[in-house]
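What follows is a single structure, written as structure tokens, with notes after it.
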Amino acid sequence: MSHITPEGGFGARPIVIGVDEAGRGPLAGPVVAAAVVLGREVPAGVGDSKALSAKRRADLDTQLRECCAWAVAVVEPRDIDRLNIFQATMEAMTRCVRDLCAQLPGAPEIVLIDGNQTPERRCSEWRWPARAIVGGDGIETCIGAASIIAKEWRDRLMVEAAAAHPHYGWERNKGYGTAEHMTALRLHGPTPLHRQSFAPVAQASLL
């Protein structure tokens with residue numbers, strides 16, 4: 001899924017893409033990455049999604065998706081199990097940057113990625129200059145914007161999944177291994193949305 005602002009708004013500015021992901025750690029659900037090019041007007045308070053209240057994050061998500069160019073990529077649990085979570089995250093980042101670049105008026109000058117590693121030389125499709133920034137979602141606004149969009153996108157997916165799998169409390173825990181989730185996993189076993197390669201899920205499968 002991707003979006004370009006109607007007014008474009010890039011002008012002669014160098015194109016800088018910010019990238020972040022949500023969902024490396026949960027036991028269930030996909031990993032989601034977002035790529036963002038900031039518009040000319042950016043709402044105040046954009047930063048690390050984890051440091052924002054749920055309401056503020058949701059408000060910023062709506063505003064950012066209206067004023068920025070963005071793309072989101074989702075890698076499902078079956079592919080996480082096939083690739084491993086690190087490689088699945090690199091794949092999600094590559095896909096969202098690819099989809100965003102397909103709509104931009106030119107190539108990005110740089111892709112800024114939250115963390116300490118990039119998909120460069122790890123994904124065959126990756127072909128853009130990139131720099132990893134530890135804590136980048138609190139340093140670079142474009143990464144902070146990607147952090148917000150990725151988290152809100154994934155949270156919505158998990159709330160939808162909770163309706164089909166009501167025992168696990170995903171509308172509350174978003175697939176993370178909370179006490180509620182772990183108890184349900186022991187009682188009801190894994191679903192197709194659980195990551196079978198994650199140890200707690202694999203152990204529950206043996207019960």
Side-chain angles (χ1 to χ4, degrees), residues 1 17-36 47-52 54 57 61 70-100 111-123 125-126 130-140 142-162 165 168-182 185 190-204:
M1 176 68 182
I17 297 177
V19 177
D20 203 357
E21 53 74 27
R24 281 200 193 197
L27 305 180
V31 63
V32 175
V36 175
D48 178 4
S49 63
K50 298 182 290 297
L52 300 168
R57 189 172 59 240
D61 172 59
W70 57 273
V72 166
V74 178
V75 175
E76 300 293 349
R78 62 182 176 274
D79 293 316
I80 293 171
D81 290 334
R82 176 175 59 85
L83 294 168
N84 74 53
I85 185 58
F86 173 77
Q87 192 61 34
T89 301
M90 297 295 105
E91 179 69 22
M93 290 179 172
T94 301
R95 290 181 193 173
C96 66
V97 172
R98 176 199 65 197
D99 292 349
L100 182 54
V111 181
L112 303 178
I113 297 175
D114 185 61
N116 60 5
Q117 298 183 81
T118 79
E120 197 166 10
R121 294 187 298 278
R122 295 183 173 92
C123 289
E125 275 196 87
W126 188 272
R131 183 165 80 246
I133 302 175
V134 175
D137 47 4
I139 298 171
E140 293 285 349
C142 59
I143 300 179
S147 169
I148 291 166
I149 290 174
K151 177 162 176 51
E152 285 294 300
W153 196 279
R154 187 181 186 280
D155 282 0
R156 286 191 293 271
L157 292 177
M158 294 309 296
V159 170
E160 291 173 8
H165 302 281
Y168 304 90
W170 291 340
E171 69 277 18
R172 292 178 292 277
N173 61 53
K174 307 303 187 289
Y176 283 87
T178 62
E180 173 188 33
H181 190 177
M182 295 301 296
L185 194 56
T191 71
L193 290 178
H194 278 97
R195 302 173 182 180
Q196 304 294 331
S197 56
F198 279 40
V201 179
Q203 290 162 8

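Side-chain atoms are counted along with the backbone in the values below, which use heavy atoms only and exclude waters and symmetry mates. The model shown is predicted, which means the values in this text are computed figures rather than measured ones.
With hydrogens and angles ignored, the 3.5 Å screen pairs a side-chain donor or acceptor of Gln87 with a backbone N or O of Arg122. Of the possible polar contacts, none joining the Asn116 side chain to the Val134 backbone as a donor-acceptor pair under 3.5 Å is found. In terms of modelled atom types and a separation under 3.5 Å, the side chain of Arg195 and the main chain of Pro26 share a donor-acceptor contact. Formation of a donor-acceptor pair under 3.5 Å by the Thr94 side chain with backbone atoms of Met90 is found in this model. The backbone N or O of Thr191 sits less than 3.5 Å from a side-chain atom of His194, completing a donor-acceptor pair.
Here the side chains of Glu180 and Asn173 are in contact, with some heavy-atom distance below 4.5 Å. A heavy-atom distance below 4.5 Å is found between the side chains of Asp137 and Lys50. Considering only heavy atoms from C-beta on, Val32 comes within 4.5 Å of Leu157 through its side chain. Pro30 has its side chain out of reach of Val75: every pair of non-hydrogen atoms, C-beta onward, lies at least 4.5 Å apart. By the 4.5 Å heavy-atom criterion applied to side chains, Pro119 and Ile113 are counted as neighbours. Between Ile133 and Asp114 the shortest side-chain heavy-atom distance does not fall below 4.5 Å. Residues Cys96 and Val72 have side chains not in contact (no heavy-atom distance under 4.5 Å, counting atoms from C-beta outward).
Remark: Leu83 CG to Ser197 OG distance equals 9.5 Å, nearest 0.5 Å. Atom CH2 of Trp70 and atom CH2 of Trp153 lie 4.0 Å apart (nearest 0.5 Å). Summarising the geometry, atom CD1 belonging to Ile80 is positioned 4.0 Å from atom CD1 belonging to Ile85; distances are rounded to the nearest 0.5 Å. Note: Cys142 SG to Ile17 CD1 = 9.0 Å, rounded to the nearest 0.5 Å. The distance from atom CE of Met158 to atom CH2 of Trp170, rounded to the nearest 0.5 Å, is 5.0 Å. Met93 CE to Gln117 CD: the interatomic distance, rounded to the nearest 0.5 Å, is 10.0 Å.
In terms of heavy-atom proximity, Ala146 sits nearest to Gly18 at CB-O, 3.6 Å. Across all non-hydrogen atoms, the minimal contact from Thr118 to Arg131 is CG2-C, 4.1 Å. Taking each heavy atom of Pro200 and Leu185 in turn, the nearest pair found is O-CD2, 3.9 Å.
Under the 4.0 Å criterion applied to side-chain N and carboxylate O atoms, Arg78 and Asp81 are not assigned as salt-bridge partners.
Under the side chain to side chain contact (heavy atoms under 4.5 Å, CB included) criterion, Arg98 pairs with Arg95, Glu125, Trp128, sequence neighbours left out. When the side chain to side chain contact (heavy atoms under 4.5 Å, CB included) test is applied to Asp155, the partners found at least two apart in sequence or on another chain are Arg57, Lys151, Glu152, Lys174.
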Go through it in stages, so that I can follow the logic: the residues are Asp20 and Glu140, the test is side chain to side chain contact (heavy atoms under 4.5 Å, CB included), and I'd like the CA-CA distance, side-chain angles, deciding distance and then a yes or no. CA-CA 11 Å; Asp20 203 357; Glu140 293 285 349; over 6 Å; no

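By the 30° and 60° cut-offs, the orientation of the rings of Tyr168 relative to His181 is perpendicular.
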